[in-house]
Asks: 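One structure coming up, written as structure tokens, with questions to follow.
In this chain, numbering begins with 1 at the start of the sequence shown.
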Amino acid sequence: MNTLYVLLALIAAAGWITSTVTLRMRALQDRADRLERRLGLVLEHLGIEEPEPAGLDRVRALMREGRTVSAIKAYREITGAGLAEAKQAVESLDLKVS
């Protein structure tokens, strides 16, 4: 019976730890998002365009060949972007290539 109580306590503790970590991660992501928005506003105010990452010529070449998935993969390798961000960026490059 004591083993059952210990197991239940461990499960409860794991749930608490998971929820605490999730909340802290969400708070950090929110803070990073706010800082990115502020940086964007500062760059816009100063008239500074964000430089294009080196290697995008390879991504554009893949897009011209119709190899969108490869272009997204290459973009992710070059920039370290996540899948959704890379897909959006490559699709916007597609508009510039056409």
Asks: Working to the nearest 0.5 Å, report the span between CG of D57 and CD1 of I78.
Replies: 9.0 Å

Asks: When you group the ILVMFWY residues by side-chain heavy-atom contacts below 4.5 Å and let the links chain together, are L41 and L39 in the same group?
Replies: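 No; L41 is not reachable from L39 via cluster members.
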
Asks: Distance check, rounded to the nearest 0.5 Å: E91 atom CD versus I72 atom CD1?
Replies: 6.5 Å

Asks: Atom OG of S70 and atom CE of M63: how far apart are they, to the nearest 0.5 Å?
Replies: 10.5 Å

Asks: Might you work through the side-chain contact (heavy atoms from CB on, under 4.5 Å) test for K73 and V69, ending with a clear yes or no?
Replies: CA-CA 6 Å; K73 183 177 177 184; V69 174; 5.7 Å; no

Asks: Would you call Q29 and M25 a side-chain contact if the rule is heavy atoms closer than 4.5 Å?
Replies: no

Asks: Where do L62 and A74 come nearest, in terms of heavy atoms and distance?
Replies: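 The answer is CD1-CB, 3.9 Å.
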
Asks: Could you tell me which non-hydrogen atom of L93 sits nearest to which non-hydrogen atom of R60, and how far apart they are?
Replies: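 Of all heavy-atom pairs spanning L93 and R60, the closest is CD2-NH2, 3.4 Å.
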
Asks: Can you name the nearest heavy-atom pair linking Y75 to V90, along with the distance?
Replies: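 The answer is CB-CG2, 3.7 Å.
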
Asks: Quick check for you: to the nearest 0.5 Å, what is the distance between L8 atom CG and L4 atom CG?
Replies: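 Between L8 CG and L4 CG, I get 4.5 Å after rounding to 0.5 Å.
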
Asks: Which distance, rounded to the nearest 0.5 Å, do you find between the CD of Q88 and the CG of L83?
Replies: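 Result: 11.5 Å between the selected atoms.
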
Asks: Do the side chains of L46 and L43 join up, straight or via other hydrophobic residues, at under 4.5 Å, putting them in one cluster?
Replies: yes

Asks: State the CG-CG distance between L7 and N2, to the nearest 0.5 angstrom.
Replies: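 So the CG of L7 and the CG of N2 are separated by 12.5 Å.
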
Asks: Following the transitive rule for hydrophobic clusters with a side-chain heavy-atom cut-off under 4.5 Å over Ile, Leu, Val, Met, Phe, Trp and Tyr, establish whether L28 and V21 coincide in one cluster.
Replies: no

Asks: If you compare all heavy atoms of A86 against all heavy atoms of R76, which two are closest, and at what distance to 0.1 Å?
Replies: CB-CG, 3.3 Å

Asks: Take R58 and E77 through the test salt bridge (charged side-chain N to carboxylate O under 4.0 Å, His left out) and record every step on the way to the result.
Replies: CA-CA 11 Å; R58 184 172 127 221; E77 290 170 359; 3.2 Å; yes

Asks: For atom CD of E65, decide whether the heavy atoms of other residues, nucleotides or ligands shown that lie under 6.0 angstrom number more than 12.
Replies: yes

